[in-house]
Amino acid sequence: MADRSTMSEQDNHLTEKEICSDSETADCLEEVAFVFGEDLELNRFDGLPFSSRYYKLLQERKSLPVWKAREEFLDILVNNRLVIVSGTTKTGKNTQIPQWCAEFCLSAQYQHGMAVSTQIHPQQAVDLALRVADEMDVNIGHEVGYTIPLETCCSTDTVLRFCTDALLLREMMSDPMLEHYGAIVIDQAHERTVSTDILLGLLQDILVHRPDLRVVILTVSSMTDRLLVHYGSNVPVVSLEALCPAEVVYSNCSSKDYFYSALRLVLEIHRTKEEGDVVLFLASAQEVVCARAILQREGTRLGAGLGELVPVVWCPGQGRAPSLLGEGMGSRGTVTTRGRRVFLSTSQGEDMFWAVDSVNFVIDAGVEKRYVYNPRIRANSEELRSISRCQADIRKQLTGPTGKCFCLYPEERVLPIETSPQILETNLTSTILFLKRMKIAGLGHCDFITRPDPEGLMQSLEELDYLAALDDDGNLSEIGIIISELPLDAQMAKALLASCEFDCVNEVVTIAALLSAPSCFLEPPVGRAQEVQQCHRKFRHPDGDHFTLINIYNAFKYSQRETCMTTTLNFSVEKWCQDYHLNHRALQTADAIRSELTDILKRIELPISETSFGTKTNTLNIKRALLAGFFMQIARDVDGSGNYFMLTNRHMAQVHPASSYGAKAHQLGLPEWVLFHEYSLSENNCIRIVSEISPAVFIQTAPQYFYYNLPPSESKDLLQHILDRDGSGRKDKKQTLTINSKADKDCSTVAQSYDRCVLQ
């Protein structure tokens with residue numbers, strides 16, 4: 001291991017030999033860039049002389065709270081394999097710690113690999129990479145790069161890479177020991193995403209096998225104690241100096257009134273003419289969209305002397321968000337355009353404002369909406385709950401000491417200390433599939449910080465067993481290995497795999513891409529819902545929503561070809577999407593996902609058939625392929641009025657109004673049996689992305705032992721009647737099936753077929 005003094009030679013030199021004194025002006029810094037001779041300093045990362053901007057940014061970096069702990073951190077990093085750094089967003093840890101880890105790797109001549117820093121949001125990985133490349137005075141995509149879903153900006157020269165936690169986790173499938181990296185920075189550990197929690201569990205074992213590796217965990221103080229309990233009290237902790245908190249104003253606003261109270265407060269702040277942008281934290285993305293519409297409308301009614309009020313939507317996890325380092329922003333997010341911006345965000349958006357120095361007001365609703373997965377009924381439910389104390393503390397420090405934070409809840413309200421781990425609230429099927437792929441026997445080798453719920457684990461294992469992804473020993477089967485190669489949920493991956501047998505790959509890969517991307521439908525403007533429905537009706541397919549998605553994608557691709565061929569100036573794909581109230585960015589994302597999935601299928605040498613969409617045979621084959629993955633999500637209209645009974649959980653639901661079978665669809669007749677993609681518990685229980693199926697095809701496609709586990713119901717009896725009617729054909733094939741409620745007495749005689757849909 002290289003000596004500490006060698007590692008930081010460059011920055012020590014800059015510290016001891018200052019280019020200009022503090023009293024000199026910025027003009028002096030610019031003159032230094034043109035001095036040639038012995039004083040010329042070269043960048044150790046690319047071998048080129050430093051620019052004047054490097055020294056200017058260096059002065060900004062030295063003013064960050066994290067810089068005071070630089071020497072302490074570097075000393076600890078040399079002598080310890082695991083380091084915890086505790087501090088809030090504005091301390092500068094997100095940008096400086098990865099740079100120092102890159103210096104550590106450089107000091108070892110990259111013998112053990114380069115540095116990587118994980119983020120939970122793609123846009124933040126991009127923004128941090130751009131900022132760090134600027135501070136290091138190197139080119140983005142060369143020495144500093146980023147990797148996010150569907151986009152890579154790296155090269156063989158990359159020594160520091162920013163990526164999402166999910167992508168680094170997926171990279172472990174081909175590089176289990178992460179041998180490409182000498183230093184790994186796990187940022188935003190306090191957000192407790194599933195991918196970050198699994199990385200923290202697996203890295204503990206990797207460190208045992210790789211003593212040369214360095215792991216740095218960036219978190220907040222409330223999470224530090226839990227990490228020390230998990231990793232051991234001897235792990236060194238670097239605690240960054242806390243920033244001076246803003247003035248905090250609490251409110252007695254009830255949880256039901258927070259939305260309009262927050263919007264009224266925004267307008268009141270704007271009328272005071274006090275300088276500074278506003279950050280408003282709401283409970284959900286739906287509230288953010290509604291708030292933007294209201295603020296845009298109310299902003300036009302304000303006097304011209306107040307200046308422009310500009311609402312900016314910033315919702316993590318809702319597709320690619322606009323960059324905070326984009327147009328109209330200074331070097332660290334200072335305002336360079338006229339007007340007051342109101343950033344509208346939700347939970348997990350706190351760390352996104354590290355680059356914005358113009359915020360002077362924070363309005364915290366104090367609540368969040370979380371989707372919690374219930375393994376018993378295989379459905380998500382939306383819960384409104386209080387934010388954690390950790391989130392509240394971060395929000396209070398997003399402004400400077402002269403700013404104000406308005407908390408729309410009483411000061412005496414007791415907030416949970418930590419953010420609830422997502423691993424306790426999400427479907428674990430994809431997680432278990434990954435761990436099985438990593439050959440972790442019995443899940444015991446992944447030392448989870450918070451152990452998953454046993455009921456959720458059992459449900460996920462059962463689902464993988466139904467999908468034929470596991471063999472008799474509980475390990476991944478051949479089908480399971482192929483499913484794990486696809487960046488899709490297990491059910492969709494199995495459907496895509498089955499489409500190779502049924503000669504409908506082109507159609508099913510389109511469905512998979514559109515369901516993996518953000519929704520291609522835009523929210524209808526106020527008062528124009530009927531007009532939007534009329535536009536969308538042009539794409540509707542009589543067999544259901546899955547086929548409607550294919551129609552939309554085909555029309556989108558046709559409009560792209562028309563754009564290339566036409567000479568009309570006023571025609572473009574963006575305008576076409578706008579005319580039909582479709583999300584252009586979502587369709588572009590779906591197109592990229594489709595290309596990625598097609599490339600994976602070619603790489604693993606699976607057959608891809610020519611498209612034949614529109615024929616009866618193709619329609620039937622698409623339904624067979626979808627049923628191969630989603631046979632657990634079947635419902636029957638029990639009374640002919642749209643009340644659908646779900647066979648698996650025995651719950652009742654309505655079809656979502658945006659569906660082809662939604663509003664006014666009963667006039668055309670509702671299908672009796674449907675397959676649905678998603679079911680959510682809410683005020684109006686709805687099933688989304690619905691297509692008609694035949695019960696006979698369902699029986700032919702689903703595994704036989706799945707019938708055995710179905711709870712008793714009238715719908716199950718109808719399926720049994722179909723089986724009894726076709727019993728003679730099944731006897732000829734020596735196949736028996738009993739699915740009535742008394743079948744547990746004869747379970748040993750049930751012929752179990754784990755792969756009714758087998759690739760030939």
Side-chain angles (χ1 to χ4, degrees), residues 1-2 7 76-84 97-98 100-120 125 145-148 152 154-189 193-218 227 230-232 235-236 423 430-449 475-476 480-481 484-485 487 600 603-604:
M1 182 59 61
M7 177 188 64
I76 292 175
L77 188 65
V78 170
N79 301 306
N80 296 270
R81 289 179 289 177
L82 179 63
V83 185
I84 298 173
I97 297 295
W100 299 339
C101 289
E103 293 175 14
F104 171 82
C105 295
L106 173 63
S107 68
Q109 301 298 313
Y110 308 111
Q111 294 179 14
H112 309 304
M114 63 177 185
V116 63
S117 178
T118 67
Q119 302 296 319
I120 64 173
Y146 62 84
T147 304
I148 61 175
T152 297
C154 293
S155 68
T156 55
D157 298 327
T158 300
V159 298
L160 173 57
R161 184 167 72 99
F162 290 85
C163 68
T164 59
D165 52 358
L167 282 181
L168 183 62
L169 195 65
R170 190 162 188 84
E171 193 174 326
M172 293 182 68
M173 291 174 59
S174 56
D175 183 14
M177 290 291 127
L178 295 174
E179 295 179 355
H180 287 92
Y181 305 107
I184 299 174
V185 180
I186 304 297
D187 203 348
Q188 300 174 281
T193 65
V194 175
S195 296
T196 292
D197 270 17
I198 295 176
L199 280 171
L200 292 175
L202 294 176
L203 283 171
Q204 187 172 14
D205 191 47
I206 292 175
L207 284 171
V208 175
H209 297 87
R210 287 194 57 196
D212 52 279
L213 178 65
R214 295 295 183 269
V215 174
V216 181
I217 303 174
L218 306 186
L227 291 172
H230 181 72
Y231 290 111
V235 174
I423 203 165
S430 297
T431 301
I432 303 304
L433 186 68
F434 167 78
L435 294 175
K436 290 289 186 180
R437 177 64 186 265
M438 293 293 293
K439 298 182 178 179
I440 300 176
L443 311 181
H445 292 175
C446 183
D447 194 4
F448 294 103
I449 293 180
N475 300 315
L476 284 187
I481 293 173
S484 67
E485 286 286 334
I600 293 174
R603 176 171 57 83
I604 58 182

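Remember, predicted model here, so these are calculated numbers, not experimental data.
Within the 4.5 Å cutoff, the side chain of Leu169 has no heavy atoms near those of the Thr118 side chain. By the 4.5 Å heavy-atom criterion applied to side chains, Leu207 and Leu213 are counted as neighbours. With a 4.5 Å cut-off on side-chain heavy atoms, Cys163 and Val116 count as touching. In this structure, the side chains of His112 and Cys105 stay at 4.5 Å or more apart for every pair of heavy atoms. In this structure, the side chains of Ile184 and Leu178 come closer than 4.5 Å at one or more pairs of heavy atoms. Between Leu218 and Gln188, the closest side-chain pair of non-hydrogen atoms is not below 4.5 Å. Side-chain contact between Val235 and Leu227: absent, with no pair of heavy atoms (C-beta onward) separated by less than 4.5 Å. Counting only heavy atoms from C-beta outward, the side chains of Ser195 and Leu168 never approach each other to under 4.5 Å.
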(message) Between Phe448 and Ile198, is the side-chain contact (heavy atoms from CB on, under 4.5 Å) condition met? List the steps.
(response) CA-CA 7 Å; Phe448 294 103; Ile198 295 176; 4.2 Å; yes
(request) Apply side-chain contact (heavy atoms from CB on, under 4.5 Å) to the pair Val159 and Tyr110, showing each step before the final yes or no. (result) CA-CA 8 Å; Val159 298; Tyr110 308 111; 3.2 Å; yes
(request) Please lay out, stage by stage, how Tyr181 and Glu171 fare under the test side-chain contact (heavy atoms from CB on, under 4.5 Å). (result) CA-CA 12 Å; Tyr181 305 107; Glu171 193 174 326; 2.7 Å; yes
(request) Any chance you could lay out the side-chain contact (heavy atoms from CB on, under 4.5 Å) test for Met177 and His209, step after step, and finish with the verdict? (result) CA-CA 8 Å; Met177 290 291 127; His209 297 87; 4.0 Å; yes
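Closest of all the heavy-atom pairs between Val78 and Phe104 is CA-CE1, 4.3 Å. In this structure, Ile206 and Pro176 approach most closely via the heavy-atom pair CD1-O, 3.5 Å. Considering all non-hydrogen atoms of both residues, Leu476 and Ser484 come closest at CD1-OG, 4.4 Å. For the residue pair Leu433 and Gly480, the shortest heavy atom distance occurs at CD1-O, 4.0 Å. Minimum heavy-atom separation, Arg437 to Ile481: NH1-O, 3.6 Å. Thr158 and Met114 make their closest contact through O-SD, 3.2 Å (heavy atoms, listed as atom of the first residue, atom of the second, distance).
Between the Ser155 side chain and the Asp157 main chain, a donor and an acceptor come within less than 3.5 Å of each other. Using a distance-only test at 3.5 Å, with no hydrogens or angles considered, a donor-acceptor pair links the side chain of Arg214 to the main chain of Asn80.
With respect to the salt-bridge test (charged N to carboxylate O, under 4.0 angstrom), the residues Glu485 and Arg603 qualify.
In this structure, Ile186 CD1 and Leu82 CG are separated by 10.5 Å, a value rounded to the nearest 0.5 Å. Here the straight-line distance linking atom CE of Met438 with atom CG of Asp205 works out to 9.5 Å at 0.5 Å rounding. In this structure, CD1 on Ile76 lies 15.5 Å from CZ on Arg81, to the nearest 0.5 angstrom.
Shown are Asp187, Thr196, Ile148; of these, the side chain to side chain contact (heavy atoms under 4.5 Å, CB included) with Gln119 is made only by Asp187.
Remark: the Gln204 side chain and the His230 side chain contain an N/O donor-acceptor pair separated by less than 3.5 Å. Side-chain atoms of Ser117 and Arg161 include no donor-acceptor pair closer than 3.5 Å.
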